[in-house]
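Notes follow once the structure below has been shown.
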Protein chains: 2
Amino acid sequence: MPNQKPKKRMAADERKDQIVKVAMTLFARNGFRGTTTREIARQAGISEAVIFKYFSKKEGLYNAIIDARCNDTQGQDRLIGAMKGKHGREVFVGIASFIISEHRNDPSFMRLLTFSALEKHDLSEIFIKRKGLELIEFMEGHIKGLIREGIFKDLDPAIAARAFMGMVLHYCISQELYRMKRYFKRPDSVVIDTFVDIFFDGMRRR
Amino acid sequence: MPNQKPKKRMAADERKDQIVKVAMTLFARNGFRGTTTREIARQAGISEAVIFKYFSKKEGLYNAIIDARCNDTQGQDRLIGAMKGKHGREVFVGIASFIISEHRNDPSFMRLLTFSALEKHDLSEIFIKRKGLELIEFMEGHIKGLIREGIFKDLDPAIAARAFMGMVLHYCISQELYRMKRYFKRPDSVVIDTFVDIFFDGMRRR
DNA sequence: AAGGATTGAAAGCAGGTGCTTACTTGCAGT
DNA sequence: ACTGCAAGTAAGCACCTGCTTTCAATCCTT
């Protein structure tokens, strides 16, 4: 279905944003190669030439998406702020809840990232380096603290952080990408609690 | 580079196998849409018409790959056989080692599966249902046993099994697909031990 | 050695795709 | 109201891609 308001003329910036938004949706659904500029134009309710007026090559759309999704600081700031008051176990519940809710709110972004990784574009690389590693390092720091306090066992914090991220991310990916939600349904809150139970007790000194 | 032995003529079955093998490599590298039948022909050292003699449509190649990778029983049988003597902790080390070594031996297959999931072909669906769920159910059974023996806490075995699988699979995927092995290098054996430490102690009654 | 069957190549077609060119339409400032 | 400029379109080019057709080379059987 073409766009909601088939407004005839738009200011350049407004039009650019709209085109990028449409491209994001279609790249997430069909990948970069699987999306034609004709289809982007159709969905945006414009002619193809407009796209090439603003983005000299199709690749340019990908770069605009990278700008839009890798330079906003809201997401991670929001999380790290929300973590400030929390201690011990709660931090892990907070991180897992954050990741899962981000995926549930916009499942298409994970498809976009995965396509980008497979098709070897820069989006996944930049996003993971800028956003993913930031989160991992935050967790590593928290884990290191708990080890220093003698609450956690002395395991490699980098591996431990990736173990927890693995549980949570693979849950999201398998639910959406492999469409496991057809066969495996549990309330997210129960899944999160179980993951944190396993991880936190697994790390704790006995 | 075209194929090793540019043998002029081949028997039909032999040629079919060769074409499927080439297609698998290219689909894993560039996806179904990103691979042209011309390129498959070139890599196989034949003309395009030969491909369409054996596979009436490009789609047919995908189905042949499904046959080749989803109907062999060697992989899983080998694992479950190897697990037979093992108890408790060792079983999880065995499973993790098995999964990681399969990925290291043929990293391209994971790309193929992921492309298939994104492009909504049947390969990933069939493979995961036939191979993935089998492994998960095997783990669930083992976990249930340990709960019944009073060794493990009474957590949902389905969630627990997926927690462990998540750690291991996401490690493999992030290493290869997101090319994390550039930034995160640990011996696989250390990673496996740490994962199992966390999971096994996390599940254990205290 | 003959002849039918099978494997293979060469060329091309119809439709699709990224991108360009040449042109028209509507808006803002005077 | 006029006009200069930015926003938009229609048409098409050159190349690509799945797939077909037509015909030549090679093998197997007798």
Side-chain angles (χ1 to χ4, degrees), chain A residues 2-65 115-116 119-121, chain B residues 2-65 115-116 119-123:
Chain A
N3 213 266
Q4 57 260 35
K5 245 186 204 165
K7 200 202 282 185
K8 274 281 148 68
R9 266 170 97 100
M10 277 188 188
D13 286 350
E14 201 181 349
R15 186 61 87 190
K16 261 160 101 169
D17 286 352
Q18 187 219 7
I19 292 170
V20 170
K21 214 173 134 197
V22 171
M24 229 165 68
T25 306
L26 291 175
F27 289 172
R29 191 178 307 153
N30 303 319
F32 183 77
R33 280 176 184 148
T35 301
T36 67
T37 48
R38 265 170 178 67
E39 179 66 12
I40 295 172
R42 218 184 55 81
Q43 295 264 347
I46 55 178
S47 72
E48 244 183 309
V50 178
I51 295 175
F52 288 101
K53 168 170 273 172
Y54 297 121
F55 306 92
S56 60
K57 314 182 91 202
K58 193 187 173 194
E59 274 279 335
L61 288 166
Y62 229 122
N63 296 327
I65 292 174
F115 261 124
S116 147
E119 291 177 329
K120 287 167 193 141
H121 285 123
Chain B
N3 211 266
Q4 57 261 37
K5 246 186 206 167
K7 201 203 282 187
K8 273 279 147 70
R9 264 170 100 99
M10 276 189 190
D13 286 351
E14 201 182 351
R15 185 63 84 191
K16 261 160 101 169
D17 287 352
Q18 187 219 7
I19 292 171
V20 170
K21 213 173 134 197
V22 171
M24 228 164 70
T25 305
L26 291 175
F27 289 172
R29 192 179 307 155
N30 304 319
F32 183 77
R33 278 175 185 150
T35 301
T36 68
T37 48
R38 265 173 178 64
E39 178 67 9
I40 296 172
R42 219 182 56 81
Q43 296 265 346
I46 54 177
S47 75
E48 247 182 309
V50 177
I51 295 175
F52 288 100
K53 167 168 273 173
Y54 296 120
F55 305 93
S56 62
K57 314 182 88 199
K58 193 187 173 194
E59 275 280 335
L61 288 166
Y62 229 122
N63 296 327
I65 292 174
F115 261 124
S116 149
E119 291 177 330
K120 287 169 192 137
H121 284 124
D122 294 332
L123 171 61

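Just so it is clear, the values below take in all heavy atoms, side chains as well, and ignore hydrogens, waters and symmetry mates. Below, chains carry the letters A, B, ... as their sequence lines are ordered, and counting in each starts from 1. Because the structure is a prediction, the values reported are computed rather than measured.
Shown here are the side chain to side chain contact (heavy atoms under 4.5 Å, CB included) partners of F52(B), two or more places apart in sequence or in another chain: T37(B), E48(B). With sequence neighbours left out, the side chain to side chain contact (heavy atoms under 4.5 Å, CB included) criterion links T25(A) to R29(A). Partners of D17(B) by side chain to side chain contact (heavy atoms under 4.5 Å, CB included), not counting sequence neighbours: none found. Contacts of F55(B) classified as ring pair (Phe, Tyr, Trp, His ring centres under 6.0 Å), with partners at least two apart in sequence or in another chain: none. Partners of F115(B) according to the ring pair (Phe, Tyr, Trp, His ring centres under 6.0 Å) rule, which considers only residues two or more places apart in sequence or in another chain, do not exist here.
Using a 4.5 Å heavy-atom cutoff, the side chains of F27(A) and I40(A) are in contact. The shortest distance between side-chain heavy atoms of I46(A) and R15(A) falls below 4.5 Å.
One can place CG of D13(A) at 14 Å from P of dA6(D), the figure rounded to the nearest angstrom. A straight line from CD of E39(A) to C1' of dG18(C) spans 15 Å, rounded to a whole angstrom. For F55(B) and dT7(C), the CZ to C1' distance is 15 Å, given to the nearest whole Å. With rounding to whole Å, I46(A) atom CD1 is found 19 Å from dT25(C) atom P. Taking atom CD1 of residue I51(B) and atom C1' of nucleotide dA10(C), one finds them 15 Å apart after rounding to whole Å. What separates CZ of R33(B) from P of dG18(D) is a distance of 12 Å, to the nearest Å. Taking atom CG of L61(A) as the reference point, atom C1' of dG18(C) lies 12 Å away to the nearest angstrom. For the pair D17(B) CG and dT7(C) P, the computed distance is 14 Å after rounding to whole Å.
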Check the interface with nucleotides 19-24 of chain D: list each N/O to N/O pair with the protein under 3.5 Å, or write none.
from    : atom 1 : to     : atom 2 : distance (Å)
dC19(D) : OP2    : K58(B) : N      : 2.6
dC19(D) : N4     : E48(B) : OE1    : 2.9
dC19(D) : N4     : E48(B) : OE2    : 3.2

Under 3.5 Å, which N/O atoms of the protein pair with N/O atoms of nucleotides 28-30 of chain C?
none

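In this model, the phosphate group of dA6(D) is not approached by any side-chain N or O of R15(A) to a distance below 4.0 Å at OP1 or OP2. The side chain of Y54(A) contributes an N or O atom lying less than 4.0 Å from OP1 or OP2 of dG8(D).
Backbone-only engagement by T36(B) is indicated by non-hydrogen atom pairs under 4.0 Å involving sugar-phosphate atoms exclusively. Backbone-only contact: V50(B) has heavy atoms under 4.0 Å from sugar-phosphate atoms and none from a base.
Note on residues 50-60 of chain B: no pairs pass salt bridge (Lys or Arg N to Asp or Glu O under 4.0 Å), not counting sequence neighbours.
Between the side chain of R33(A) and the backbone N or O of E119(A) there is no donor-acceptor pair closer than 3.5 Å.
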